[in-house]
Amino acid sequence: MDDAKGKRLTSFGLEFERLEKFWQKRWESENLYQAKDQDKKTKKYVLVEFPYPSGSGLHVGHAFTMTGADVYARKARMAGENVLFPMGWDAFGLPTENYAIAMGKNPQDVTKRNTDTFRRQMKKMAFSFDWSREINTTAPDYYRWTQWIFIKLFKQGLAYKKAMPINWCPDCKIGLANEEVIDGCCERCGAQVFRRKLNQWIVRITDYADRLVGGLETTDFVDKVKAAQVNWVGKSEGARIKFPISNPPAGRAGFQFPNGEDHIEVFTTRPDTLWGATFMVIAPEHPIVALLLSSKLKNQSSKRKKVRDYVEKARNKSDLERTDLAKEKTGVFTGLYAINPASKKKIPVWVSDFVLESYGTGAIMAVPAHDERDWQFAKKFVLPIIPVIKPEENWDFNQGAYTRVDQGKIINSDFINGFAPDEAIEKVISWLEAEGVGQRTSNYHLRDWIFSRQHYWGEPIPMVYCEKCAINHNFQFPTRLPDGQVSNFQINSKKQIPKPQKESFEKLKKYAEKEKVDLKVLLDNPGWFPVPEDSLPVKLPRVDKYEPTKTGESPLANLPDWKKIKCPYCGQEAVRETDTMPNWAGSDWYYLAYCFAKRINNPKSKVQSPKSENIFKQSKNILKYWLPVDLYIGGDEHNTLHLLYSRFIYQFLYDLAVVPKEYPEPYYRRVSHGVILGNDGQRMSKSRGNVINPDDKWKQYGVDVLRTYLMFMGPFEATMAWNENALKGVERFLVRFKNLVENQAGFDNKENDQTKQLVHQLIAKVSADIDSFGYNTAIAAMMKTLNSILDKKLLLTKENWGNLIKLLAPFAPYLAEELWCRVLENEFSVHQQSWPTPQKRYLEAEKSTIIVQINGRLRGKIDIKNNILIDKDKIISLVEKNSVVKKHLSGKKIKKVIFIPKKLVNFVV
RNA sequence: GCCGCGGUGGCGGAACUGGCAGACGCGCAAGACUUAAAAUCUUGUGAUGUUUAACAUCGUGAGGGUUCGAUUCCCUCCCGCGGCACCA
């Protein structure tokens, strides 16, 4: 075409940079993308996970994910929806702290610099975020509310302090949650993790286990996300069964079972195999073991010494060693015997580290005939193996356990003999409950959430410890049960409490009522009080050293002045908690914060309601308007932890009635984005040298080419390798598009029906594809249409060029704006235009192609006019006249004709 | 071991609820333009066979099944990716 004017463009890149700057500035000055609270339009909340602003800037993975979200948001906005598409910073975290330590800078400054870089890059990428709602988890006005949530958790009895054997990373000098330990090593530094007991704040997420699973029903998460959540909670149903001890070391001074009764309780999913339980195994941490070894027991036999040695060894083992499947079973006999409540047989109690203290009751009934681990143990220590399910084939129980136990019939089991296992389970549970030796129950893999971190760069946990109160409140009542629960608060129980204690108990009770604190938590955590809510935030003080202390305490422990505080209860001198919160805390509720970001970022503004009201209640109407999040785009790596934690916190806030009662779940739809690999097909990493930096690419090709390429690479949810050549293909497409519009602009073009059909079919296709994240096929369709226009030398009217530009706008916003305003000379801005709607009359062609098959094999195609399309007989006779069909049909009998209107005719011969 | 996802040309990928397999892009080949190269444009491009056309046969990880018809549904198996894992 004509390049006489020298106007013709062959590539973007540098030449385009000027335009990008120009339009970026204009969009910003006109506040194009601000969402309006309470607007009458349909709201749509499009959320993309906010990044951790690392020092290395925006990653190409961020660029990919956010472009995908941006395309969706832009299209929705043009289609007339009130779109909330916000962005912020999840800025607390170890990398910043480590960098600060290494460079001697303070994390606040490092964070400021990093977020500035990220923001600049995102603006360059033309992401249509509503920057008026930007939030930062490290801003005191933000984490004030993160702390507030923690206080509420405490007051409701959902946070408690406990010495926990935690995963301790010797290099980072920090306690790690189970989730942060990968193959027994620290997720961040790779050092081997070992166990260490440390006082930690624990959050009782397990109380919400059933709701975290049940709530999924009302959401539209993709199946794999739901499955991941369900698996993580890991519910299994079964029964608890009590096994009485036949030879308690009775008469010995000080011996008393921890549960007050002389039995060991187990959890099993297969109560039907109870008759096959020939021994028991308890975890080395089981309370009975501690009791057996307690110094109060005088007779320290050699057997007892063996137990002591074994338990000692197990304690020093790392998790990695303990859970190594391949290793041989170890264990020792405790000297205790239990009575199998069903068979009444005396069975030995062993201790072994393959039984975990943290799951179930920390004790199992071993059924070696039908469980692989129990079988191995029985084989090694020569314990009896009794089959209780009849195998469907010949089975040698000396060779292994028969574990296909869902089929078969029960044997050797008294009144359940002959039943199928699932029936037998029901019968046994009824019997257990009737006899009072067991009950139906469920267990979860989900553990309570260790919430303390011994680090600087996190939200301070807003708690105070008062030693004097701790002494005064360490009430010894008979009402305290062994599991830490308090059954009732009757002072007038059998054992009288001494008078001073009684008085202080009454006082504490009053405090609990006034402050709305669960009395149970105060009793379980003597001396611990939340800071008063109106004194929040507990600001992170500046320190000189960011390293954790040698004792494993956070660096805040080095600040005596900061630590000192008056006890909120007694007013005397007390100390602050020096631990900080885990990374997840700030991201648990950030999607709520966007809704009322103005109130957070400017707490002194007039919109602030009375101080007594919390920000969630103040923003009730705004939350009701925006929630739930309509679409949440994020990575698979957050499908368990972040998603589960934030759903839990939301459900908790729901129970506090501070979020709208209409929405029991925060996120309606969850879509997980894909991953971009380097051009070698490997995960991008500095060590491989295959990292693609988006900065380089937009400098070379321009933002529009980069964005369009990212969306064209493949399905939004897939894993794809970078391919520089394909990037050039996209550039060709955009350049051709631009040149063609420029060539046709300014003419009074007349177009034919064929052209209109092309345009309207494309509108329908692109609209549908964007809605279903089929960005790659949307772009392919645009390419195809452009090729047709070029091939057939079609002319388009200004209106239809406008339509095509609108379709392109979500992908290539700069080019679209340039063509819309400068070339077509339309009014600013293309991004505020309404999304085109396809006209039905152009969607269907006059002719349809009918496929002709013979015996299901393609033999020809025939174009048929629409007006006779449904007329079966006419079409069949028409088809039979076709020469190719005639040839194939000659000399054959037609048995049957299959006719699908508008699609095909199939002759069966 | 368990759970989830996937396997289609030389490559990335397309194919709606079973109905033209390979859209679109890359790469490659030939040609045009050019002194030449790059860029751009045109044409071709799953395999095999008679080979000019046209046509035929095969072809969506392997094998089997359902169906007039299967990349799509069912069964068995193989391979890859992700997650969980001594969880009773």
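Each chain gets a letter, A, B and so on, in the order the sequences are listed, and its residues count up from 1.
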Problem - Anti versus syn assignment for G80(B), with syn defined as within 90° of 0 - result: anti

Exercise for the section: Quick one: label S236(A) by what it contacts on the DNA or RNA (base, sugar-phosphate, nothing), any heavy atom closer than 4.0 Å. Expected result: sugar-phosphate

Exercise for the section: Please state whether the phosphate of U40(B), meaning OP1 or OP2, lies under 4.0 angstrom from any side-chain nitrogen or oxygen of R736(A). Expected result: no

Exercise for the section: Starting at atom CG of L790(A), determine the distance to atom P of G25(B), rounded to an integer number of angstrom. Expected result: 11 Å

Completion exercise
Note on RNA chain B: ranges paired as stems (three or more Watson-Crick/G-U pairs in a row, both atom distances under 3.5 Å) are B:1-7 with B:78-84, B:10-12 with B:24-26, B:27-32 with B:40-45, B:46-50 with B:54-58, B:61-65 with B:73-77

Handout entry: Rounded distance in Å between the P positions of U60(B) and G65(B)
Key = 16 Å

Exercise for the section: Quick one: label V355(A) by what it contacts on the DNA or RNA (base, sugar-phosphate, nothing), any heavy atom closer than 4.0 Å. Expected result: base

Handout entry: Rounded distance in Å between the P positions of G27(B) and C11(B)
Key = 15 Å

Exercise for the section: For C2(B) and C77(B), measure between their P atoms and round to the nearest Å. Expected result: 11 Å

Completion exercise
Of the candidates C68(B), G13(B), G19(B), the side chain of I851(A) sits closest to G19(B)

Would you tabulate the pairs of protein nitrogen or oxygen atoms and nucleotide nitrogen or oxygen atoms of nucleotides 9-12 of chain B closer than 3.5 angstrom?
residue : atom : partner : partner atom : Å
G12(B)  : O2'  : M713(A) : O            : 3.0

Practice task
Taking the side chain as every heavy atom from C-beta outward, state whether I347(A) and L383(A) have any pair of such atoms under 4.5 Å apart.
Solution key: no

Handout entry: Nearest to side-chain heavy atoms of R373(A), which nucleotide of C86(B), C68(B), A14(B)
Key = C86(B)

Practice task
Determine the interatomic distance between C1' on A38(B) and the same-named atom on G46(B); round to the nearest Å.
Solution key: 31 Å

Problem - Proximity to the side chain of N906(A) - top-ranked nucleotide from A14(B), C20(B), C68(B) - result: C68(B)

Exercise for the section: Classify the nucleic acid contact of D636(A) as base, sugar-phosphate or nothing, counting any heavy atom under 4.0 Å across all strands shown. Expected result: nothing

Exercise for the section: Return yes when atom NZ of K380(A) has more than 12 non-hydrogen atoms of other residues, nucleotides or ligands closer than 6.0 Å, and no otherwise. Expected result: yes

Handout entry: Proximity to the side chain of K896(A) - top-ranked nucleotide from C68(B), A88(B), G25(B)
Key = C68(B)

Please write out each protein N/O paired with an N/O of nucleotides 3-8 of chain B under 3.5 Å, distance rounded to 0.1 Å.
residue : atom : partner : partner atom : Å
C3(B)   : O2'  : N231(A) : ND2          : 3.3

Practice task
Please work out if R683(A) contacts a base, only the sugar-phosphate, or nothing of the nucleic acid, heavy-atom cut-off 4.0 Å.
Solution key: nothing

Exercise for the section: Evaluate the salt bridge (charged side-chain N to carboxylate O under 4.0 Å, His left out) criterion for residues E265(A) and R240(A): first the C-alpha distance (whole Å), next the side-chain angles of each, then the deciding distance (0.1 Å), finally the verdict. Expected result: CA-CA 7 Å; E265(A) 193 168 33; R240(A) 279 180 179 235; 3.3 Å; yes

Practice task
Mind calculating the distance between CG (L740(A)) and C1' (U40(B)) to the nearest angstrom?
Solution key: 15 Å

Handout entry: Distance-only polar pair, side chains of T67(A) and Y709(A), donor-acceptor under 3.5 Å
Key = no

Exercise for the section: Verify salt bridge (charged side-chain N to carboxylate O under 4.0 Å, His left out) between E217(A) and K226(A), making sure each step is shown before the conclusion. Expected result: CA-CA 9 Å; E217(A) 272 177 37; K226(A) 281 191 183 179; over 6 Å; no

Exercise for the section: For Y359(A) and A88(B), give me the distance from atom OH to atom P, rounded to whole Å. Expected result: 4 Å

Practice task
Would you mind reporting whether V213(A) and K235(A) have side-chain heavy atoms less than 4.5 Å apart?
Solution key: no

Practice task
Examine W375(A) together with F397(A) and report whether their ring centres are nearer than 6.0 Å.
Solution key: no

Practice task
Using atom OH of Y709(A) as one end and atom P of G13(B) as the other, report the distance to the nearest whole Å.
Solution key: 10 Å

Exercise for the section: For C3(B) versus U8(B), give the span between their P atoms, rounded off to a whole number of Å. Expected result: 24 Å

Exercise for the section: Report yes or no: do T330(A) and Y310(A) form a side-chain donor-acceptor pair below 3.5 Å? Expected result: yes

Practice task
Measure distances between side-chain N and O atoms of Q853(A) and base N and O atoms of G19(B), and say whether any donor-acceptor pair falls under 3.5 Å.
Solution key: yes

Exercise for the section: Evaluate the criterion ring pair (Phe, Tyr, Trp, His ring centres under 6.0 Å) for residue pair F712(A) and F811(A); output intermediate values, then yes/no. Expected result: CA-CA 10 Å; F712(A) 184 61; F811(A) 298 94; over 10 Å; no

Practice task
Tell me whether the OP1 or OP2 atom of A56(B) has a side-chain N or O from R859(A) closer than 4.0 Å.
Solution key: yes

Fill in the blank from the handout: Whole-Å distance, N776(A) CG to C24(B) P, equals 14 Å

Handout entry: Minimum side-chain heavy-atom gap E724(A)-Y701(A) below 4.5 Å
Key = yes

Practice task
Fit a plane to each ring of F64(A) and F716(A), take the angle between them on a 0 to 90° scale, and name the class: parallel (under 30°), tilted (30 to 60°) or perpendicular (over 60°).
Solution key: tilted

Exercise for the section: Identify, between T777(A) and I898(A), the residue whose nearest nucleotide on RNA chain B lies closer to the 5' end. Expected result: T777(A)

Problem - Minimum-distance nucleotide (side-chain atoms of F267(A) versus A88(B), U42(B), A23(B)) - result: A88(B)

Problem - Check: S358(A)/R447(A) side-chain N/O donor and acceptor closer than 3.5 Å - result: yes

Handout entry: Check: C86(B) base within 3.5 Å donor-acceptor of K329(A) side chain
Key = yes

Problem - P715(A) side chain, from C-beta outward: closest of C20(B), A23(B), G13(B) - result: G13(B)

Practice task
Grab the OH-C1' distance between Y775(A) and G25(B) for me, whole Å please.
Solution key: 19 Å

Practice task
With C1' as the reference atom in both, quote the distance from C78(B) to A88(B) in angstrom, rounded to an integer.
Solution key: 33 Å

Exercise for the section: Find out whether the Lys NZ or Arg CZ of K896(A) is both under 6.0 angstrom from the six-membered ring centre of F907(A) and within 45° of the ring's axis. Expected result: no

Exercise for the section: For nucleotides G25(B) and A14(B), find the distance between their C1' atoms and express it as a whole number of Å. Expected result: 11 Å

Handout entry: Distance, rounded to the nearest Å, where H638(A) contributes NE2 and G82(B) contributes P
Key = 17 Å

Practice task
Take the protein atom CE of M782(A) and the nucleotide atom P of A23(B), then report the distance between them rounded to whole Å.
Solution key: 19 Å

Problem - Side-chain heavy-atom pair I241(A), F243(A) within 4.5 angstrom cut-off - result: yes

Problem - Side-chain N or O of N639(A) closer than 4.0 Å to phosphate OP1/OP2 of G82(B) - result: no

Handout entry: Nearest-nucleotide pick for R732(A), side chain only, options being C24(B), G27(B), C86(B)
Key = G27(B)

Handout entry: C1' spacing across the pair U66(B) / U57(B), given as an integer number of angstrom
Key = 25 Å

Problem - Parallel, tilted or perpendicular: rings of F773(A) and Y775(A) (30°, 60°) - result: perpendicular

Practice task
With heavy atoms under 4.0 Å as the rule, sort D374(A) into base, sugar-phosphate or nothing.
Solution key: nothing

